[in-house]
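Here is the structure we will look at, set down as structure tokens.
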Amino acid sequence: MTADHIGTCAEKVIAGRNLSRKEIHRLAENDTPEQIMALIFRADRVRRHFKGDEIDLCAIVNAKSGRCSEDCRFCAQSAHHPTRIAKYPLLPEQELLAAAEKAGASGAGRFSLVTSGRSLLKTAELERICRVIAALGEQKKLSPCASLGLLSREQARALKGAGLARYHHNLETGPGFYSAICSTHTFADRVRTLEIARDQGFSLCSGGIFGLGETLQDRIELALVLKKLRVDSVPLNFLNPIPQTPLAHQPPLPPLEILKSIALFRFILPKADIRSCGGREQALRTLQPLMYLAGCNGTMIGNYLTTAGRSPAEDVQEILDLGLKPRREGGGRKTEDSGRRTEKTRKPGIPAAL
Ligand code: SF4
């Protein structure tokens with residue numbers, strides 16, 4: 001495909017129209033470095049049109065680590081793999097609030113409480129999470145998010161009552177490849193959680209991991225499912241192989257293929273907040289700044305769940321060097337789902353039902 005065709009697709013997306021599968025697949029056929037750079041150049045134009053020059057910064061805390069019953073092949077926290085990571089139960093409230101404070105001080109505008117496990121099984125755990133969310137809501141410094149595994153309607157109601165506005169739950173990879181990376185729950189289970197969260201009025205944050213052994217087509221299928229689910233935020237992670245996991249020796253993706261995949265996500269999900277997250281330093285190496293030009297308008301700063309990130313100051317400097325601006329607050333711009341929700345976030349508080 002020539003640069004003209006890539007440009008035609010970019011203008012179509014900017015005009016507010018969806019690309020057909022055929023057009024997406026033709027974009028994906030751009031394989032040479034020159035073609036991929038042309039794709040990145042146009043994805044940058046799409047990003048700038050919908051997202052301007054601001055980069056959304058978020059941070060996470062691993063609020064409960066390890067001992068997970070699930071067998072996701074990439075994950076250091078699965079009890080099925082003999083990894084050497086810190087394992088601990090849900091952190092005390094004060095530690096979670098201190099982690100939020102630190103995230104805010106380093107430049108993050110969003111902060112997510114992430115717990116290992118298939119789901120939060122204990123009422124006491126959910127109550128603690130709700131208290132922290134309510135406290136963060138009262139502080140009004142950070143937009144709180146939560147990533148607590150598979151979600152029941154009751155849990156979703158409790159979180160909504162505490163003031164949570166966004167729920168995170170990755171689909172990880174395309175539906176056709178999911179069974180190759182996990183056997184203890186299904187892709188449909190994950191989709192169901194996003195539907196429950198959406199029904200409760202949450203903004204949705206969901207993405208995946210590149211480099212698990214999936215094809216480019218699997219990544220495209222993931223993007224199309226996320227589009228159908230009307231997700232607002234799409235975190236993209238890149239496999240950082242963890243010793244003792246089944247994917248410990250998985251060969252890395254070439255950085256240009258990662259950038260091409262990010263660009264395709266921007267073409268498919270033009271209004272979403274696409275954010276580069278775990279593994280970006282190792283996966284993109286010296287090409288890391290190009291992730292913004294390829295279509296990312298957000299990044300996760302600080303440490304990841306079980307691996308260290310680089311210094312937030314370096315990330316902020318990189319954004320400024322590119323002539324972009326770090327954005328400290330979530331929301332405010334058009335998303336894939338602008339105007340869909342009418343339900344107002346309820347006043348923060350712990351629901352009596354818990
Ligand atoms: S990705 Fe989540 S569900 Fe899967 S093993 Fe890791 S902590 Fe458990």
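Just follow the structure's listing: the first ligand is 1, and inside any ligand the first atom is 1. Note that the numbering runs from 1 along the sequence shown for the chain. This one's a predicted model, so the numbers in the text were calculated from it and none came from an experiment.
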Can L229 be reached from F267 by stepping across I, L, V, M, F, W or Y side chains whose heavy atoms are under 4.5 Å apart?
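Yes; tracing contacts between hydrophobic side chains, which count when under 4.5 Å, links both residues.
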Do F41 and L259 sit in the same hydrophobic cluster, where Ile, Leu, Val, Met, Phe, Trp and Tyr count as joined when their side-chain heavy atoms come under 4.5 Å apart?
no
Tell me which protein heavy atom sits closest to atom 2 (Fe) of ligand 1, plus the residue, atom name and distance to 0.1 Å.
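Of the protein heavy atoms, R190 NH2, 4.4 Å lies nearest.
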Between the side chains of [X] and [Y], is a donor N or O closer than 3.5 angstrom to an acceptor N or O?
X: S116; Y: R67; result: no
X: N18; Y: K12; result: no
X: D232; Y: S203; result: yes

Would you kindly check if the NZ (Lys) or CZ (Arg) of K64 is within the cone defined by 45 degrees around the ring axis of Y88 and under 6.0 Å from the six-membered ring centre?
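So K64 doesn't make the cation-pi contact.
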Taking 4.0 angstrom as the limit and counting only heavy atoms of G117, give me the atoms of ligand 1 inside it, by number and element.
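That gives atoms 7 (S) of ligand 1.
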Atom 4 (Fe) of ligand 1: protein N, O or S atoms [distance under 2.8 Å]
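Listed by chain and number: C72 SG.
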Would the distance check show the side chain of H168 and the main-chain N or O of G149 forming a donor-acceptor pair, the cut-off being under 3.5 Å?
no
